[in-house]
Structures are given as C-alpha cells and as structure tokens.
Chemist: 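Just passing along the structure, written as structure tokens.
Just so it is clear, the values below take in all heavy atoms, side chains as well, and ignore hydrogens, waters and symmetry mates. In what follows, every chain begins at residue 1, and chains take the letters A, B, ... in the order their sequences are listed.
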There are 2 protein chains.
Amino acid sequence: MASIDEKDEEILKELRKNGRATLTELGRKIGLSPASIKNRIEKLESLGAIKGYSAIVDPAFLNEFIQAIIEVELLVDNEAVDRMLYNISRLDNVIGVYRKTGEFQILIRANFKDVPQLKEFVKSLSVKYLGKNMKRAKVSVIMDTFKEGGVIMQERKTRRRRRR
Amino acid sequence: MASIDEKDEEILKELRKNGRATLTELGRKIGLSPASIKNRIEKLESLGAIKGYSAIVDPAFLNEFIQAIIEVELLVDNEAVDRMLYNISRLDNVIGVYRKTGEFQILIRANFKDVPQLKEFVKSLSVKYLGKNMKRAKVSVIMDTFKEGGVIMQERKTRRRRRR
DNA sequence: GCTGAAATTCTGGAGTG
DNA sequence: CACTCCAGAATTTCAGC
C-alpha cells in the first residue's frame, strides 16, 4: 500500500458518498484546485483504491422485482472456483460476488424478474457454473433496502404522512 | 411505477456500470442528445429509479482492513426497527443495510479498521441501536470480492504471472 | 427531444514554492 | 514534486422551438 494521505482519504470518502461529484466541488470541499483533485483521482484509480463508479438503481425500474441473496456452500474451494466466480460476476443481473468465512463460503447479490428466473439462476449455479464444487445453496429475498453502496435510500418504507 | 421506456432502461444499465459516464458519452451510446439524457436522468432521479451515485472503493486504502457481513436475528420486527436501521445506515463505515427473509432478518455490510472495532460494532448493535429487538448476530468476514455494486473488480486474487 | 448559446467544468502545460 | 494558475477544449445547462 502506498502514498495515501489525508486528502486522498477525503476524496475516497466523498466519492463513495457521491460518485458523480464534480472535480470543482471536490476541490472546494477538500481545499485543493480541480487540477490537483484530478491528478489524485487518477493516482487513486491506478493504485486500485477506486475500482469504479456506479449508480444505485432501484431494480424494480428494470423489471427486476426479486432482489436475492444467494449463499453457496462449497465442497472444495480452489483456484478453479475463482474463474467460476468471475464468470458469474459477468452476468448483468449480478450485483455482488464475495468469498467469505462461515458455513457458506460464497455470497451473491443478484436481481431477477420473477421467481422462476431466480430458480433458474440457482439451478445454473450447480449445472453451469460451479458444478461439483457446489454442495448447496441458501436463498434469501431482500424486502427492504436502507443503505446500499454507501448511499442511504431516501425513500423510507414507512410512507411520509400526508399533509392535511 | 411510471413512464420508463427502453432508452431510460439503457441509461440505468449504463450508469450502473459507469456512474461517472458523461452526458455526451451516454448520448452517443444511446442515441440521444446530451440535453435529453440530462432531462431523462433528472426524471429518473425524481422518480426514485436512481437513488444515488457511488465510487467503489477498496476499503484497505481507508485503513478498513476488515470487511464484514453481520446478520441479525430479531425477536420482534416492527416500525421502530426501521428507525434503528436508518440510524445504523448513517454510519460512514456501513456500506449496506437490508431487511430480508430467513432466519436472520437483517443483513449489514460494514468495514472496520480491526477486529476490536468490529467487536465493538456488534456490541453496539444490541446496546445502542437495536436493544431488546435483537436476539443474536452472526458475523462473517469477506475474504475476496469479485463484483460489488455492479462493478467487476479488475484486480484478481490470483496475481498475474510475472514476465520473465 | 432538439438546437444553440452561455455558464461551468475539465484538461494539460507552464510556472512556483 | 505536488500544487496552482491559466487558457483552450469539452461538457453542462437552459431557453426556445
């Protein structure tokens, strides 16, 4: 790890909260010229501190009404699994793919149009992607999102009371 | 749900993959003028289709070396829990907060400097945030991220072979 | 949703400490 | 060497159609 100072950290934190902040805005907030911010961001990107930029999208507007968390228990976890997970990552409806500790070693965040499509995906995990490496999967459905990707959802589940 | 057409969906998908895409780039890719793209994005934002924008940051560069998944089993889940989850969402090191189906109804993605800080956070969940609503928590640690927030990590765990 | 003009931002190079 | 300044380029923004 190299050459990250206070200002760089502020840039990272700010961009995590607002990925579309302008160089000028960042400069004002942090106390640097836009040109310096630009140089630092380019440095942070090439260091791998910034992996990319993303909009937090409500999946329902893309006709993805089922947001699921799929946990997978593996029989064996080796380098071949890395390639398989990478292939899963390339699917557009897959939002996140992680290896983790615990009984289920893999966690996948993915969105689906409907339950059959979710079912089909889980089936493809063993049939197409993970094969004999997969022992079993546990599926949960997301019912409410309070924060995602560092962005707080403004729309509360409990609807604001109407004015009278 | 209202008035989302093909072009809007393309904008959402494109912004999910590159949240910093310029209006001009989006216009070229989708076949609209930058001004129209802007109008549509503003519409999508006010409709709640776009919740916000975020940079995908490697937490290690913010000295957050522990990436954890904390699942919480609730004794009772009511509207008061909503406020508690909202308060948890406001913490900077918390990346995601979800309500879901299953044995554990809450899932939290959060980053920590070290294990004591993680331990402290889990303790604060029952002491400060959820109180008697919380029955127990299950903690996993993320060991590898393949995709996050719709962005594929370029840096593979298996290091590229050195040239010779 | 487009055009066109004005405002803002971005960008790269030269200069400064 | 990182930063600022500055001018030209690109983008964004807004009005009118």
Chemist: Return a single string for nucleotides 12-17 of chain C, one symbol per nucleotide in 5' to 3' order, where B is base contact, S is sugar-phosphate-only contact and - is none, cutoff 4.0 angstrom on heavy atoms.
Modeler: B-----

Chemist: Just jot down the salt bridge (charged side-chain N to carboxylate O under 4.0 Å, His left out) partners of A:Glu73, sequence neighbours excluded, or say none.
Modeler: A:Lys135, A:Arg136

Chemist: Applying salt bridge (Lys or Arg N to Asp or Glu O under 4.0 Å) to B:Arg16 and A:Asp92, what does each step give before you reach the verdict?
Modeler: CA-CA 10 Å; B:Arg16 191 155 66 171; A:Asp92 263 4; over 6 Å; no

Chemist: Got a sec, which pairs hit ring pair (Phe, Tyr, Trp, His ring centres under 6.0 Å) with one end in residues 91-114 of chain B, sequence neighbours left out?
Modeler: B:Phe112-B:Phe121

Chemist: Can you list, by residue number, the residues of residues 15-27 of chain B that have a non-hydrogen atom closer than 4.0 angstrom to DNA chain D?
Modeler: B:Thr22, B:Leu23, B:Thr24

Chemist: Dump the pairs, protein N or O against N or O of nucleotides 1-3 of chain D, anything under 3.5 Å, distances to one decimal.
Modeler:
residue: D:dC3; atom: OP1; partner: A:Arg40; partner atom: NE; Å: 2.8
residue: D:dC3; atom: OP1; partner: A:Arg40; partner atom: NH2; Å: 2.3

Chemist: Mind calculating the distance between CD1 (A:Ile37) and C1' (D:dC5) to the nearest angstrom?
Modeler: 16 Å

Chemist: Tell me, which pairs form a side chain to side chain donor-acceptor pair (under 3.5 Å) where one or both residues lie in residues 37-48 of chain B, sequence neighbours left out?
Modeler: B:Asp5-B:Arg40, B:Asp8-B:Arg40, B:Asp8-B:Lys43, B:Lys38-B:Glu42, B:Glu45-B:Tyr53

Chemist: Should A:Met143 and A:Ile95 be regarded as members of a common hydrophobic cluster, given that ILVMFWY residues are connected when their side-chain heavy atoms come within less than 4.5 Å of each other, either directly or indirectly?
Modeler: no

Chemist: Please indicate whether A:Lys13 has more than 12 foreign heavy atoms, meaning atoms of other residues, nucleotides or ligands, lying under 6.0 Å from its NZ.
Modeler: no

Chemist: Passes side-chain contact (heavy atoms from CB on, under 4.5 Å), A:Glu10 versus A:Glu6? Steps please.
Modeler: CA-CA 6 Å; A:Glu10 287 186 64; A:Glu6 241 302 308; 3.4 Å; yes

Chemist: Looking only at atom types and distance, does a side-chain atom of B:Arg28 sit under 3.5 Å from a main-chain N or O of B:Pro34, one as donor and one as acceptor?
Modeler: no

Chemist: Tell me whether B:Val94 is reachable from B:Ile70 by hopping between hydrophobic residues (I, L, V, M, F, W, Y) whose side-chain heavy atoms are closer than 4.5 Å.
Modeler: yes

Chemist: Evaluate the criterion salt bridge (Lys or Arg N to Asp or Glu O under 4.0 Å) for residue pair B:Glu148 and A:Lys51; output intermediate values, then yes/no.
Modeler: CA-CA 9 Å; B:Glu148 174 151 274; A:Lys51 302 292 190 182; over 6 Å; no

